[in-house]
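We name chains A, B, ... by the order of the sequence lines, and we start the count at 1 in each one.
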2 protein chains.
Amino acid sequence: LPSEIFEVKSTDLAGRIGRLQTKSGVLETPALLPVIHPVRQTVPISEISKLGFKAVITNAYLTLKNYGDSASIKGIHRIIDFDGVIMTDSGGYQVLEYGDLDVTIEKMAKFQESISTDIAVILDKPTGSKANKSFAKETVKATLKAAKETLSLANRKDILWTGPVQGGVFLDLIRQSAKKTSTLDFDIFALGSPTEVMETYNFQILSSMIMTAKKNLPLNKPLHLFGAGHPLTIPLAIALGCDMFDSASYILFARDDRYLTDAGTVRLKDLRYFPCICRICLSHTPKELLTLEKEERTNILALHNLHVLLKAVTESKEAIHEGRLWEHLGAKARCHPRLWNAFLSLGKYTDFFEEGSLQSKSKAVFFYGPEDFSRPEVLRHRKKLMDNLTFTKKILLILPEDEMRPLYKSPLCLALTAKKTELLENVQICFLSLSFGLIPIEVSDVFPLSQYESSLKPNTTVDFQHFMVEDVIKILEKSKFSNVILVASNTQHRTFASKIRKTVPTRLVKVDRSMSKTVNNIYEILQDLD
Amino acid sequence: LPSEIFEVKSTDLAGRIGRLQTKSGVLETPALLPVIHPVRQTVPISEISKLGFKAVITNAYLTLKNYGDSASIKGIHRIIDFDGVIMTDSGGYQVLEYGDLDVTIEKMAKFQESISTDIAVILDKPTGSKANKSFAKETVKATLKAAKETLSLANRKDILWTGPVQGGVFLDLIRQSAKKTSTLDFDIFALGSPTEVMETYNFQILSSMIMTAKKNLPLNKPLHLFGAGHPLTIPLAIALGCDMFDSASYILFARDDRYLTDAGTVRLKDLRYFPCICRICLSHTPKELLTLEKEERTNILALHNLHVLLKAVTESKEAIHEGRLWEHLGAKARCHPRLWNAFLSLGKYTDFFEEGSLQSKSKAVFFYGPEDFSRPEVLRHRKKLMDNLTFTKKILLILPEDEMRPLYKSPLCLALTAKKTELLENVQICFLSLSFGLIPIEVSDVFPLSQYESSLKPNTTVDFQHFMVEDVIKILEKSKFSNVILVASNTQHRTFASKIRKTVPTRLVKVDRSMSKTVNNIYEILQDLD
C-alpha cells in the first residue's frame with residue numbers, strides 16, 4: 001500500500017471527493033456501502049455490483065456465528081461473492097440491540113484479519129441515541145479500551161482499521177471520544193449510531209453530532225457514518241464531511257413496502273406513479289408491484305431503493321465537483337421542514353466550511369433568501385472587507401446593486417466616472433449588494449462578487465440584513481470617512497441611512513429615472529462637500 | 001368517441017391529472033410529447049415508445065414537403081412508425097422562423113385529416129417573444145382567422161383540433177386571443193411560442209402568460225404549451241394548469257452536448273459524474289461519452305435527456321396525486337433564483353389555485369418560510385376565519401402554537417381547560433400559528449390546521465407576518481370582544497400585542513417555565529376581567 005492511504009481530490013463546504021486505497025482497489029469517496037447479509041442476502045450481490053457499488057459492508061460477527069473459524073479458509077470475498085472493497089462490522093450493532101456478545105474483542109480482531117476483510121471495525125460498544133449520560137460515558141470508555149486492545153493485536157498491514165467515535169447525542173462526550181480516538185493509529189474514523197436520530201428526522205442534532213466529531217478528528221482520514229441510508233440524510237452528511245456510509249435501509253424499507261424517492265419515503269400503496277427513471281420503475285407500475293409475492297416485491301423494491309441511494313451520492317459528488325454543494329443542499333432541504341431547519345442552522349459552521357470552499361468556481365453563486373448569508377463566500381468577503389481592505393479616501397459613495405456584471409460596469413457607475421473625475425478623487429466607490437453587503441469597486445470583479453445570481457433585488461421587499469448595516473458601521477468607525485453618500489433606489493435605504501448616519505454624516509440621493517439627473521445630484525453633493 | 005373527450009381525474013393548485021380520448025387511445029395528462037422528425041429522426045421512435053411516452057408530436061408541414069400527398073396513403077402512424085397518439089404541428093414554427101409558407105390554411109387542414117393524425121393544429125401565425133405590439137396584434141388576428149377557416153373545413157369527427165392562443169409577451173393580447181379562441185369549437189387549446197421566454201429563464205413572465213391564457217380558456221379542455229421542454233419549466237407549467245407539452249429540447253440540447261439534470265442543463269465536458277440513474281448513465285461515464293463519435297453521442301445524450309423530461313412529468317403527476325404540488329414546486333424552485341422569483345410571485349394566483357386544491361389531503365402540509373403564506377390552504381383558512389366564523393364571546397384568549405397535534409391537546413390548553421371552567425365561559429380560545437395565523441380552538445383539528453409541519457416556530461426569529469396582525473384586527477373590529485389576553489412565549493409577541501391593543505385592550509401573559517404558573521396567571525386576569 002502507498003504511504004497515502006486516503007487522498008482528498010476536491011472539496012466544497014466540509015464535503016470532499018477522496019480516494020481510499022484498499023487491498024481490493026481504490027474506493028472513491030463519498031461512498032455508500034450497502035449492507036450485505038453474510039448468510040441470508042436476498043438481493044443478489046451481483047445486481048448491487050452491476051449498479052455501480054464498488055464497496056459493501058457485511059457483518060463479521062454473523063459470519064463467525066454462521067461459518068465458524070472455517071470462514072478463514074474461504075475468506076469473506078468468496079463467502080459473499082464480491083471482488084470489490086469489503087468492510088466488515090464487528091457486531092457493534094448486535095451489542096446495541098441485544099447486549100454484550102459471546103465473543104471477545106481479541107477474537108473479533110483476529111477473525112476479521114483471518115477472513116481477509118479490506119476494512120475492519122473494532123468490536124465497539126455503541127452508545128445509541130436513547131442512552132442516559134452515565135451509560136453513554138461508559139460506552140465511550142469501553143470503545144476506547146477496545147480500540148487500544150484491537151490496534152495492539154492487529155498484524156496485517158494490508159487491512160484498514162476503523163475507530164468508532166461514541167457519545168450518542170451528548171456532544172461533549174463525542175468531542176472527548178473523537179479527541180482520544182484521534183490519537184490512535186486508525187486509518188478510518190467512524191461516528192456511531194445516529195440511526196435513531198435520523199429516523200426521527202432530528203437533522204439538527206445529527207448535524208451537531210457530525211460536526212463535533214469532524215472538528216475533533218484528523219481531516220486527512222476518512223470519516224464513516226454508521227447506518228446513514230436515507231436520501232435526505234446523505235447530502236447533509238456529505239456536506240458536513242462524512243466520506244463513507246453504510247446502510248441496510250434499502251432492504252429494511254423494502255420489507256416494509258416503503259419506496260424511496262429523492263425526497264424521502266412513500267408507502268407503495270400510496271403511490272400512483274413512480275417518480276423515478278431507474279429500470280425497475282420504467283418496467284413496473286405501483287399497482288403491478290403490489291400484486292407480486294412479498295419476497296419478489298421486496299427484492300424489486302430494494303433494488304429501486306438502491307438506485308435512489310446511489311443517486312443521492314452521485315448527485316452530491318457532482319455538486320462538490322461543480323462547487324454547488326450549498327445550492328444542492330438548499331434544494332434538498334426543501335424536502336422536509338426539519339431538514340430545512342438543519343440547513344438554516346448551518347451558519348454555525350460557516351467558518352469550517354470556508355476552508356473547504358474554493359476561492360474561485362466556474363459557476364455563479366446563487367442566492368435565494370437570508371439563509372444564503374451563511375454561505376462561506378459571504379463570510380469570506382466580509383472577513384476580507386474587515387481585515388484586508390483599508391480605505392483612505394474621505395467620502396464613501398455607496399451605489400445600488402445592478403444587474404450588470406461586473407458591477408463596475410453598471411450604467412450609473414460608468415456615467416458617474418465618465419466625467420468630473422476631479423470630484424471623485426477623494427471618493428471611495430462601493431456597491432451595496434443585497435447578497436454580499438458592501439462591495440468596494442476595486443474588488444467588484446473578484447469571484448464571486450460579480451459572479452452571482454440572486455433573488456434578492458433592491459426592488460423586492462427584503463429588508464437589509466443586520467450584518468450589512470453592522471459591517472458598514474464598523475468600516476466607518478475604523479476608517480477616516482468624513483461623509484457618506486448613499487445612492488438609493490427605494491425607501492428601504494432610508495432605514496439604512498438613518499442607521500449609519502449616527503456614525504458618519506450621511507446624504508441620501510434618490511435614484512431618478514433620468515440617469516443624468518442622478519449623476520448630477522451626486523456631483524452637486526460632492527461639490528458641496530468639497 | 002365518447003361525449004367527454006377530456007376528463008379531469010384529480011387536481012392540485014391549477015395542475016390536474018386528466019384523460020384525453022383520441023382515436024389512437026387514451027392519453028393521460030399531463031403529458032410531454034417528444035418532437036419526432038418525419039424524415040430525419042435520429043433517436044429511434046421505438047426507444048422513445050419503450051421509455052413510456054404514449055404520445056409524440058411530428059410536423060405535418062415537413063411531412064407534406066417530403067412525402068407530398070402520397071403521405072395520405074401510408075398515414076402518419078406508418079410514416080413515423082408509432083401506434084400511440086400522434087399530434088401534428090402544422091408549420092407554425094416554420095412560419096415563426098422563416099416567414100409565411102407556401103401552403104394555405106386549407107391545405108394544412110385537409111392534409112392533416114388525410115394523414116389521419118390524432119391531434120391536429122391549425123396553421124397558425126405564432127407571435128414569438130421578440131415581436132412588437134402591432135405585429136403581435138396581427139398574429140392574434142391572423143391566427144383567429146385561420147382558426148375559423150380551419151374549423152369550417154374540418155370533416156373528420158375522430159380528429160381533435162387544437163386552437164392556439166397568441167399574443168407573445170403582451171398579456172392583454174393573450175387575454176383577448178384566449179377569450180376569442182375559447183368561443184370556437186376546439187377540443188384542445190394551446191399557448192404559443194413561450195420558448196424564448198423559457199430559454200432566457202424569464203419564468204415570471206412565463207407564469208403570467210400561462211395564467212392569463214388559463215383564466216380565459218374553458219377549464220374542461222386541455223391546455224397545450226408549445227415548446228416547453230426544460231426540466232425547470234415543466235413542474236411550474238404543470239402547476240399553472242398546462243396539460244400537454246411538446247419539445248425537441250431532448251435532441252437540440254444533445255446536439256449541443258448539453259446534458260439535462262433535475263436542476264437544469266450542464267455541458268457534458270463540465271460533468272465528472274452523471275447525477276442520474278437511467279440506464280444510459282449507469283452504463284457510461286461522462287469521459288467515455290465524450291470519446292464517442294458526435295452522432296452516437298448525440299443520440300445517447302438525447303435518450304438520457306428524454307429520461308429526465310419523463311421524470312419531471314411523472315414527479316409532478318405523483319405530486320398532484322399526493323396533494324404535494326406546492327411543496328414539489330418549492331423544492332424545484334431552489335434550482336435557480338429566477339425560478340424562485342417566479343415561485344415567490346405565485347401569491348397572485350392563490351385564489352385560482354384554491355379551487356384546484358383539495359379540502360383534505362392524506363399528507364401534512366409543509367411550511368418553510370413566508371413564501372408558503374401564499375399556499376391555497378392559508379388563503380382558505382383566512383377566508384373561513386373572516387367570512388364563516390362568528391365569535392360571540394367577550395374575551396379572546398390567544399394561546400401560543402404547540403408541537404402537539406391536534407392543537408387543542410397542547411399541554412397548556414389542556415391544563416387551562418381542566419378546571420375553573422366557569423372562568424372560561426365567556427372566553428374564545430384561539431391559537432396563534434406562525435403558519436396559518438389565528439386558529440379558533442373549535443376548528444383546530446380541521447385539515448390542515450393540525451396537519452402541518454413548519455420550520456416557523458415561536459422560538460425562531462421570524463417576525464409575525466403582516467396578514468396575521470391584520471386578520472386579528474379585522475376580527476376584533478367586527479366581533480364583540482371587549483378584551484384580549486395574549487399568552488406569549490417570546491418578545492416578538494409584544495410587538496403583536498402593541499398593534500392589536502389599539503383596537504381592543506390587550507393583556508400580555510408571558511409563558512412561564514412552570515405550566516401551572518402560566519395557567520394561574522391567565523386565571524388571575526380572567527378573574528380580574530370578570
For atom NZ of B:Lys363, is the number of surrounding heavy atoms from other residues, nucleotides or ligands below 6.0 Å larger than 12? yes

Report which part of B:His321 has an atom under 4.5 Å of a heavy atom belonging to chain A: side chain, backbone, both, or neither. side chain

Looking at chain B, which one of A:Gly52, A:Ala333, A:Gly330, A:Ser362 has the largest number of heavy-atom pairs inside 4.5 Å, strictly under? A:Gly330

What's the shortest heavy-atom distance between B:Cys335 and A:Phe366, and which atoms? O-CE1, 3.5 Å

What part of A:Gln204 is in contact with chain B, defined as an atom under 4.5 angstrom from a non-hydrogen atom: side chain, backbone, both or neither? neither

Scanning both residues in full, the closest heavy-atom pair of A:Glu318 with B:Leu271 reads OE2-CD2, 3.1 Å

Checking heavy atoms, do the side chain of B:Asp262, its backbone, both or neither come under 4.5 Å from chain A? side chain

Rounded distance [0.5 Å steps], CZ in A:Arg279 versus CG in B:Leu282: 8.5 Å

Nearest 0.5 Å, what's the OG-NZ distance between A:Ser283 and B:Lys50? 12.0 Å

pair A:Ile277-B:Cys276: side-chain heavy atoms closer than 4.5 Å: yes

Taking side chain as C-beta onward, heavy atoms only, is B:Glu315 less than 4.5 Å from A:Thr261? no

Sidechain N-carboxylate O distance under 4.0 Å for A:Arg334, B:Glu371: yes

Atom OH in A:Tyr273, atom CD1 in B:Ile320: separation rounded to 0.5 Å? 8.0 Å

Report which part of B:Phe343 has an atom under 4.5 Å of a heavy atom belonging to chain A: side chain, backbone, both, or neither. side chain

Under a 4.5 Å heavy-atom cut-off, does chain A meet the side chain of B:Ser345, its backbone, both or neither? neither

Any A:His336 side-chain heavy atom under 4.5 Å of B:Glu453 side chain: yes

With only heavy atoms counted, which part of A:Phe367 is less than 4.5 Å from chain B, the side chain, the backbone, both or neither? backbone

Please classify the contact between B:Ile17 and chain A as side chain, backbone, both or neither, with a heavy-atom cut-off of under 4.5 Å. side chain

